[in-house]
Amino acid sequence: MHVLILGGTTEARALAGLLHPRVRVTSSLAGRVARPRLPEGEVRIGGFGGADGLAAWIGKHAVDAVIDATHPFAERISFHAALAAATAHVPLLALRRPGWVPEEGDDWRDVGSLAEAAAALDGLGDRVFLTTGRMGLAAFADRPEWFLVRSVDAPEAPVPGRAEVLLDRGPFTLEGERELLRRHRIDVLVTKDSGGAATAPKLTAAREAGIPVVVVRRPPVPEGVPVATTPEEAAARVLRQKSQEAQIP
């Protein structure tokens, strides 16, 4: 059995480790991070050339199942995966970590896009901790606030005119996030609802400090695609498929 895992997330790496070597695993990374953490099994880096290119790759390499374990905000590849899997007639499963849920004392502002997040900053303060990744910062380029921009790799231009870039990779600690908010005198936090524990301490630190948080909602999984919320659940589904295929004479 050959499984194609799309994504360079923590969950994708964990899933590859759970499946390899019981099945053949190929993990596909987009190549947007300069030094990605490589999973177990085979690895390919780079795009496929859209849904048609992905479908052709699936057929050429005799893929039996596709797992979309990309970042919750990688909307384009998720829809390409859905189209490609349907074209190639192979099952597709989305692996999505649960989203964050506000707790008592949180002051969250729910928005649907980065543009809405930028507009929501009006009146919230002059110093913004921006943790939405290195792409899409053009939405904040004309804002008057000062920004602390944190990302794994250097952000793509255009970026806010008043900004300090902090290159760092999670997981982050609560004590570290508290100190970051204090040292930079942060008034408001902007984040995507990525979910997971690696970057969640910033939400706790913001709640403790009484700082409002602008949260960008994640896009939906393509209609009709089943969802697993943990690598263990996804691995169990794949191995169940393998067992069922082995029973077919």
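Throughout, residue positions are numbered sequentially from 1 according to the sequence presented. Note that the coordinates shown come from a computational prediction; the quantities given were computed from them, not determined experimentally.
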**Message:** What verdict does the side chain to side chain contact (heavy atoms under 4.5 Å, CB included) test give for Asp64 and Val238, after you've listed the backbone C-alpha separation in whole Å, the side-chain angles of each residue and the deciding distance to 0.1 Å?
**Reply:** CA-CA 10 Å; Asp64 299 293; Val238 169; over 6 Å; no
**Stepwise side chain to side chain contact (heavy atoms under 4.5 Å, CB included) test for Asp193 and Arg217** = CA-CA 6 Å; Asp193 180 17; Arg217 293 189 302 272; 5.9 Å; no
**Request:** Starting from the C-alpha separation in whole Å, work towards a yes-or-no answer on side chain to side chain contact (heavy atoms under 4.5 Å, CB included) for Leu38 and Leu29.
**Result:** CA-CA 9 Å; Leu38 298 181; Leu29 311 183; 3.8 Å; yes
**Message:** Evaluate Phe147 against Leu121 for side chain to side chain contact (heavy atoms under 4.5 Å, CB included), listing each step before the verdict.
**Reply:** CA-CA 11 Å; Phe147 289 83; Leu121 292 176; 3.9 Å; yes
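Hydrophobic cluster membership differs between Val128 and Leu189, with clusters built from Ile, Leu, Val, Met, Phe, Trp and Tyr side chains linked at under 4.5 angstrom. Hydrophobic clustering of Ile, Leu, Val, Met, Phe, Trp and Tyr side chains at less than 4.5 Å, counting indirect connections, unites Val227 with Leu4. Both Phe48 and Ile58 belong to a single network of hydrophobic side chains, linked directly or stepwise wherever heavy atoms of I, L, V, M, F, W or Y lie under 4.5 Å apart. The cluster map of Ile, Leu, Val, Met, Phe, Trp and Tyr, joined by side-chain heavy atoms under 4.5 Å apart, puts Val215 and Ile186 in the same cluster. Cluster membership for Val159 and Phe129, using ILVMFWY side-chain heavy atoms within less than 4.5 angstrom, is not shared.
Contact record, Arg237 with Pro226: NH1-CB, 3.6 Å, taken as the closest heavy-atom pair. The nearest pair of heavy atoms linking Gly136 to Leu114 is O-CD1, 3.4 Å. Minimum heavy-atom separation, Ala81 to Leu6: CB-CD1, 3.7 Å. The two residues Leu181 and Ala206 make their nearest non-hydrogen contact at CD1-N, 3.8 Å. Summarising the geometry of Asp187 relative to Ile211, their closest heavy-atom pair is O-CG2, 3.3 Å, with the distance given to 0.1 Å. What you find for Leu124 and Pro212 is that their closest heavy atoms are CD2-CG, 4.3 Å.
Listed by first and then second residue, the side chain to side chain donor-acceptor pair (under 3.5 Å) pairs that reach into residues 197-215 are Glu103-Arg207, Asp106-Arg207, Thr131-Lys202, Arg178-Glu208, Thr191-Lys202, sequence neighbours excluded. For residues 138-149, the set of pairs meeting the side chain to side chain donor-acceptor pair (under 3.5 Å) definition, not counting sequence neighbours, comprises Asp122-Arg143, Arg143-Glu145.
Here CZ of Arg162 is found 13.0 Å from CG of Leu148. Values are rounded to the nearest 0.5 Å. With rounding to the nearest 0.5 Å, the separation of CD in Gln241 from CG in Leu93 is 9.5 Å.
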Under 3.5 Å, which donor-acceptor pairs do the side chains of residues 72-79 form with other protein atoms, sequence neighbours left out?
residue: Ser78; atom: OG; partner: Asp68; partner atom: OD2; Å: 2.8
residue: Ser78; atom: OG; partner: Ala74; partner atom: O; Å: 3.2
residue: Ser78; atom: OG; partner: Arg96; partner atom: NH2; Å: 2.7

Would you give me the side-chain donor-acceptor pairs under 3.5 Å for residues 11-19, sequence neighbours excluded?
residue: Glu11; atom: OE1; partner: Arg97; partner atom: NE; Å: 3.2
residue: Glu11; atom: OE1; partner: Arg97; partner atom: NH2; Å: 2.9
residue: Glu11; atom: OE2; partner: Arg97; partner atom: NE; Å: 3.2
residue: Arg13; atom: NH1; partner: Gly8; partner atom: O; Å: 2.9
residue: Arg13; atom: NH2; partner: Thr10; partner atom: OG1; Å: 3.3

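A salt bridge does not link Arg127 to Glu164: none of the charged side-chain nitrogens sits closer than 4.0 Å to a carboxylate oxygen.
In this structure, His184 contributes its side chain and Leu180 its backbone to no donor-acceptor pair below 3.5 Å. In terms of modelled atom types and a separation under 3.5 Å, the side chain of Thr229 and the main chain of Pro98 share no donor-acceptor contact. The main-chain N or O of Gly47 is found under 3.5 Å from a side-chain atom of Arg44 such that the two form a donor-acceptor pair. A distance-only check finds a donor-acceptor pair linking the side chain of Arg218 to the backbone of Ser194 [under 3.5 Å].
When the ring-ring contact (aromatic ring centres under 6.0 Å, His included) test is applied to Trp100, no partner is found at least two apart in sequence or on another chain. Under the salt bridge (charged side-chain N to carboxylate O under 4.0 Å, His left out) criterion, Glu232 pairs with no residue at all, not counting sequence neighbours.
Residues Thr26 and His61 fail the side-chain proximity criterion, which asks for heavy atoms closer than 4.5 Å. Residues Val152 and Arg134 form no side-chain contact, since every pair of their non-hydrogen atoms from C-beta on lies 4.5 Å or further apart. Put simply, the side chain of Phe140 reaches to within 4.5 Å of the side chain of Val190, judged on heavy atoms.
The environment of Asp126 atom CG is dense: over 12 non-hydrogen atoms of other residues, nucleotides or ligands sit within 6.0 angstrom.
Among Thr132, Leu166, Leu167, the single residue meeting the side-chain contact (heavy atoms from CB on, under 4.5 Å) criterion with Arg150 is Leu166.
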